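Input: a single structure, listed below in structure tokens.
Protein chains get the first letters and strands the later ones, always in sequence-line order, with residue 1 at the start of each. Note that the structure is a prediction, hence the values are computed from the model and not measured.
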2 protein chains.
Amino acid sequence: MITIKSIAKEANVSEGTVDRVLHDRGGVSKKTEERVKKILKKHNFKVNPVARALAMKNKFNLLTLMPNYDRDNLFWKSPYLGILEASAEVKNYGVTVINYFFDQFDSDSYLNQFEALMDAKPSAVVIVPTFAKETKQIVDRLEKLEIPYLFFNIDLEGFDNISFIGQDSYMGGYVAGKLMHLSLGDQTSSLIVQSRLNVNNYYAISKRIEGFNDYFKKNKIKNECMTLSIDNLNDAAYTKEKINSFLEQHDSIKGIFVPSSRISTIVEAIKDSSLKKCQLIGFDNTEQNIQCLENDSVSFLISQKPFEQGYESIRLMTDFLVKHKKPADKIYSPIDILTKENARYNERNEREFQHNDN
Amino acid sequence: MITIKSIAKEANVSEGTVDRVLHDRGGVSKKTEERVKKILKKHNFKVNPVARALAMKNKFNLLTLMPNYDRDNLFWKSPYLGILEASAEVKNYGVTVINYFFDQFDSDSYLNQFEALMDAKPSAVVIVPTFAKETKQIVDRLEKLEIPYLFFNIDLEGFDNISFIGQDSYMGGYVAGKLMHLSLGDQTSSLIVQSRLNVNNYYAISKRIEGFNDYFKKNKIKNECMTLSIDNLNDAAYTKEKINSFLEQHDSIKGIFVPSSRISTIVEAIKDSSLKKCQLIGFDNTEQNIQCLENDSVSFLISQKPFEQGYESIRLMTDFLVKHKKPADKIYSPIDILTKENARYNERNEREFQHNDN
DNA sequence: AAAATATTCGTGTACGCACACGAAAAATTA
DNA sequence: TAATTTTTCGTGTGCGTACACGAATATTTT
């Protein structure tokens, strides 16, 4: 095994000197620096991250900024669990992870939580950049302090983030279109149900809709497609009234596409008779959504491995901090097609381990 | 942070003593052992695996026994890449991984490679238990030496393996049935194409067929289903002749189900006219198979994340060796539904990293 | 040329754990 | 009670790296 010590011996210098050239600490003459570097390259030396982690002990403060989850919006639970799992693993690498949560419908809480986060002196930050304009402010401050940051789940363009981890929204919608076509056959009509409150991650939602429509366009399939916007999905009575009256007026509708994670809310609102008549397709494997699959009210869900998104965000940022590995610019999550049958096999929210110590 | 040292101080003993009770090394009086254990539990002490790895340096020999891959059988490349990736990660934990490959059609090579493996004195073994009877012999010897072993991809029952990682074959076939139904509608007929040479992992194949048929039975859908067995899929001319003449004789066939990873072979054999008429569904995301998706000759592939299977096998066994974590008895892989559109998003054969060191 | 400063580099300690060696304490024997 | 054996436990070193401290060497100033 090639170690700093062995390199030092070969170069006729001390371990300290090798360390200095390895980390560009300066204080080494050109001549010896060259010599050491050559030997380093010759042996393709890589520092042992285990030893490094032990020696550096708790030097990194990895902070996250993401939406909280509640009964109505369970989606963000999965990435959080992924983050927790990864946190435990990277702890021994001297990386401490602390999570900051904001209300995904309130940009002020986004900024407030960011302030709290900055007070904690982050070494690196993982963000769900829910609000475009506010993210610009945030990022400016991070860049001024040279704090690396990574986006996950929402893909804002034009920033200097280390990487993005999440789904290709356009293609997600495109696949949804294909499934709708498959379920309904040629020549039919479907409805897209949106929430007006989704101004925040509007980018992803609109990309999905674009992909959905493009599937029919590109494959030259006739699909009369309507759109219904609902102001507040959390108001059950209102939603119910709105959607059912729409469906009654448009009897030809055979498919309903919900480009957000809220399809279970829609299912609860729709009358049974309409529900039986329609094929529903939505996004994300929240518990409620999966139950809709299982009781046959929803035909397909498109999922994106949210647990893995959280998990990988932490792992990648840790690798960046500890091993100086820069991940790819964009890492796309799978576009998983979930049905009643395969849904339960798709997601594992936690690795099921039994501890044997004691 | 709670360390062995802090535990030792609290218990008024030396670090060595704490180490002794931690690892049941003996040589500690009942009284002090109790005392130390109580303090250990009180703080929920867990050894720092990083420090442990550093101190133990290269103590574990993790050996794998799996089929090799070639041009005709590319399936086993993915798990191998997963194993390679994991190997690099666990190296610094003092785990050395060495792979032994056998010919999946030759049980003798299975046993021979196992002998070679045993000569290398394994600390633990990861096996693709391709041959049932021979695996019994192998396992007997492993158990005698108390060497832990883990199965992946093929789920042989009745053994004392640490865990199994792979797909639920029955449910994979079941989902294939559903997709076939979706593609063909009610009242149709389909063909199952098997290879006679698949005696080895016959178990998985037959389970898939069972699931496929059960989908139609359980949902009371009429599907006239025929079966065609082909002796040697590697003989292209023979396969061509056999399958095309069968299709001509049975003009009603609209769907073809290939419960192995060889659907691309079938595609090459079938005449274009028949190909256009039929919906094909197969298994596994080999490069050839994905190309068949992309040129529209295959409608769906069912995939099982083979890369992750290999990767996780090594990670889990490493956790077992290093951290004494015992994984769940069975860890089922996802049943991924691949189409032309989402296939390329599904699998990442390697984490795309750019090394920044030097 | 001596003194002062700047540059270059070696040494030592810590990180948390595993394990070998041998010392102290307890139990046994003479 | 002294000598011997056995049990119990403390000390020290190494794993590979990071980093602080200060020593040796080279360079500049007077």
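Between the CD1 atom of Ile7(B) and the P atom of dG16(C) there is a distance of 13 Å, given to the nearest Å. Look at CD on Glu34(B): it is 13 Å from P on dT8(D), rounded to the nearest Å. In this structure, Asn48(A) places its CG atom 10 Å from P of dA18(D), rounding to the nearest Å. Note: CE (Met56(A)) to C1' (dG16(C)) measures 16 Å, nearest angstrom. Computed from coordinates, the Leu22(A) CG to dC19(D) P distance equals 12 Å when rounded to whole Å. Atom-to-atom, NZ of Lys9(B) to P of dC9(D) comes out at 20 Å; the value is rounded to the nearest Å. Across the protein-nucleic acid pair, Asp24(A) atom CG and dC19(D) atom P stand 13 Å apart, rounded to whole Å. Between Arg52(B) atom CZ and dA18(C) atom C1' there is a gap of 8 Å when expressed in whole angstrom units.
Using a 4.0 Å cut-off between a side-chain N of Lys or Arg and a carboxylate O of Asp or Glu, Asp140(B) and Lys136(B) qualify as a salt bridge. Ionic pairing of Glu312(A) and Lys305(A) is not present here: no N-O contact between side-chain nitrogen and carboxylate oxygen is shorter than 4.0 angstrom. Salt bridge annotation for Lys37(A)-Glu33(A): present, with a cationic side-chain nitrogen under 4.0 angstrom from a carboxylate oxygen. Checked for salt-bridge contact, Lys330(B) and Glu157(B) meet the test: a charged N lies under 4.0 Å from a carboxylate O.
No engagement by Lys31(A) is indicated, since no non-hydrogen atom pair under 4.0 Å with the nucleic acid exists. Among the protein residues, Ile4(B) comes within range of the sugar-phosphate backbone only, with heavy atoms under 4.0 Å from sugar or phosphate atoms but none that close to a base. At a threshold of 4.0 angstrom between heavy atoms, the contacts of Asp19(A) include nucleobase atoms, whether or not backbone atoms are also involved.
Aromatic pair Tyr149(B)/Phe151(B): centroids less than 6.0 angstrom apart.
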message = Between Tyr100(B) and Leu63(B), does the side chain to side chain contact (heavy atoms under 4.5 Å, CB included) criterion hold? Intermediate values first, please.
response = CA-CA 7 Å; Tyr100(B) 292 80; Leu63(B) 308 185; 4.1 Å; yes
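Candidate nucleotides dG16(D), dC19(C), dA18(C) were compared by shortest atom distance to the side chain of Lys59(B), and dC19(C) ranks first.
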task = Any chance you could list the contact pattern along nucleotides 4-10 of chain C? Use B for base contacts, S for sugar-phosphate-only contacts and - for none, protein heavy atoms under 4.0 Å, 5' to 3'.
result = ----BBB
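Taking 4.0 angstrom as the limit, Lys57(A) places none of its side-chain polar atoms (N or O) nearer than this to OP1 or OP2 of dT17(D).
The aromatic rings of Tyr332(A) and Tyr345(B) lie perpendicular to each other, with more than 60° between the two planes, well past the 30° mark.
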